[in-house]
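Below is one structure, written out as structure tokens; comments come after it.
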2 protein chains.
Amino acid sequence: MKDVVSSCPIEEVMRVLSGRWPTLLLYYLKNGTKRFSDLRRDNPTVSHRILALELRKLEEAGIVRRTAHPGYPLRVDYDLTAPGLKLVPLIDALGGWWEDTEDDRAGRISSAVETKLVAAE
Amino acid sequence: MKDVVSSCPIEEVMRVLSGRWPTLLLYYLKNGTKRFSDLRRDNPTVSHRILALELRKLEEAGIVRRTAHPGYPLRVDYDLTAPGLKLVPLIDALGGWWEDTEDDRAGRISSAVETKLVAAE
DNA sequence: CCGTGGTTACAGAATAGTGCGTAATTTACA
DNA sequence: TGTAAATTACGCACTATTCTGTAACCACGG
């Protein structure tokens, strides 16, 4: 995949929010600080490797803050940065949109454009 | 992977918006109706195949409307449905968030904004 | 033959999951 | 008392799955 120097910020946002986990992690982190194992419990379908990678990606994007406490057993906290917190309502808005428009999207009654290949006879 | 019947709508939204193209297509379609070849021109890095697939995904999600005009040479129009139009400002908001929080995300100095990156170009 | 919108077939790239290893301290238990 | 096992947050190597791209083909009127 080429590294196009995208002109629009939307492309850049999606570079970090794309995928199944980023928004979910935002969702769980908005309730407050969580540890690695908490996040794994919150959503058991993500593998530890991917969770670590996704968290690092979010950290590098400045959305999540990682705090490693010295000593053993290791303890690492994750929480949202200020930008991360500001992002949450936007993500929620997307979820709201999905629900609000459910009928409209599913029904697809949008118009009388039923001109479907009338090649029949 | 398993098909977890995701409890939260956010996961479902991301299922359709994830990836590089969906939001970009939204972006181009918000200016009005476009044909397949227009969209290819708008954004030359997407392959023929992927564009067709992405458009179909968006159509199935009820975000984009496909209108095939009978006759040859083939002609197909794409435009946003009502839900799709409502989605646009939300996507824009994400872009705005990305720009607004740029210093904060990059600098990660959550209390003071000191050096603004001067993009000299 | 060309151009349009789309599909299929195959290949290669990207992404995700599994399982093992690590570190220092605590606990388990004969 | 000694030794083994658990804990926590990963990293690494390997495999499995999925995604994306390329190329070719179809339909048809001109």
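First the proteins, then the strands, lettered A, B, ... as listed; each starts at 1. None of these values were measured; they are calculated from a predicted model.
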* **Lys/Arg-Asp/Glu bridge criterion (N-O < 4.0 Å) met for A:Asp77, A:Arg35** => no
* Please give, in whole Å, the distance from C:dT15 C1' to B:Arg20 CZ? -> 16 Å
* To do: Sequence neighbours left out, what passes side-chain hydrogen bond (donor to acceptor under 3.5 Å, both in side chains) with A:Thr101? Give chain and number order.
  => A:Arg105
Quick one: which protein N/O atoms are closer than 3.5 Å to N/O atoms of nucleotides 4-14 of chain D? Pair and distance per line, please.
residue: D:dT8; atom: O4'; partner: A:Leu74; partner atom: O; Å: 3.4
residue: D:dT8; atom: O3'; partner: A:Leu74; partner atom: O; Å: 2.9
residue: D:dA9; atom: OP1; partner: A:Arg35; partner atom: NE; Å: 3.2
residue: D:dA9; atom: OP2; partner: A:Ser37; partner atom: N; Å: 3.0
residue: D:dA9; atom: OP2; partner: A:Ser37; partner atom: OG; Å: 2.9
residue: D:dC10; atom: OP1; partner: A:Arg66; partner atom: NH1; Å: 2.4
residue: D:dC10; atom: OP2; partner: A:Tyr78; partner atom: OH; Å: 2.3
residue: D:dG11; atom: OP1; partner: A:Arg56; partner atom: NH2; Å: 3.0
residue: D:dG11; atom: O6; partner: A:His48; partner atom: NE2; Å: 2.8

* Structure fact -> Here the ring pair (Phe, Tyr, Trp, His ring centres under 6.0 Å) pairs for residues 32-55 of chain B, sequence neighbours left out, are B:Phe36-B:His48
* Asked: Whole Å only: how far is the CD1 atom of A:Ile50 from the C1' atom of C:dA14?
  -> 11 Å
* **Residue pairs, two or more places apart or on separate chains, that pass ring pair (Phe, Tyr, Trp, His ring centres under 6.0 Å) and touch residues 65-84 of chain A** => none
* Spacing between B:Arg15 atom CZ and D:dT18 atom C1', to the nearest angstrom -> 15 Å
* With sequence neighbours excluded, residues passing salt bridge (Lys or Arg N to Asp or Glu O under 4.0 Å) with B:Asp42 -> B:Lys34
* Structure fact -> Taken to the nearest whole Å, CD/A:Glu54 to C1'/C:dG17 is 13 Å
Quick one: side chains of residues 49-60 of chain A, donor-acceptor pairs under 3.5 Å with protein atoms, not counting sequence neighbours, listed by atom name and distance.
residue: A:Glu54; atom: OE1; partner: A:Lys57; partner atom: NZ; Å: 3.4

* Asked: Rounded to whole angstrom units, what separation is found between the CG atom of A:Leu24 and the C1' atom of C:dA16?
  -> 15 Å
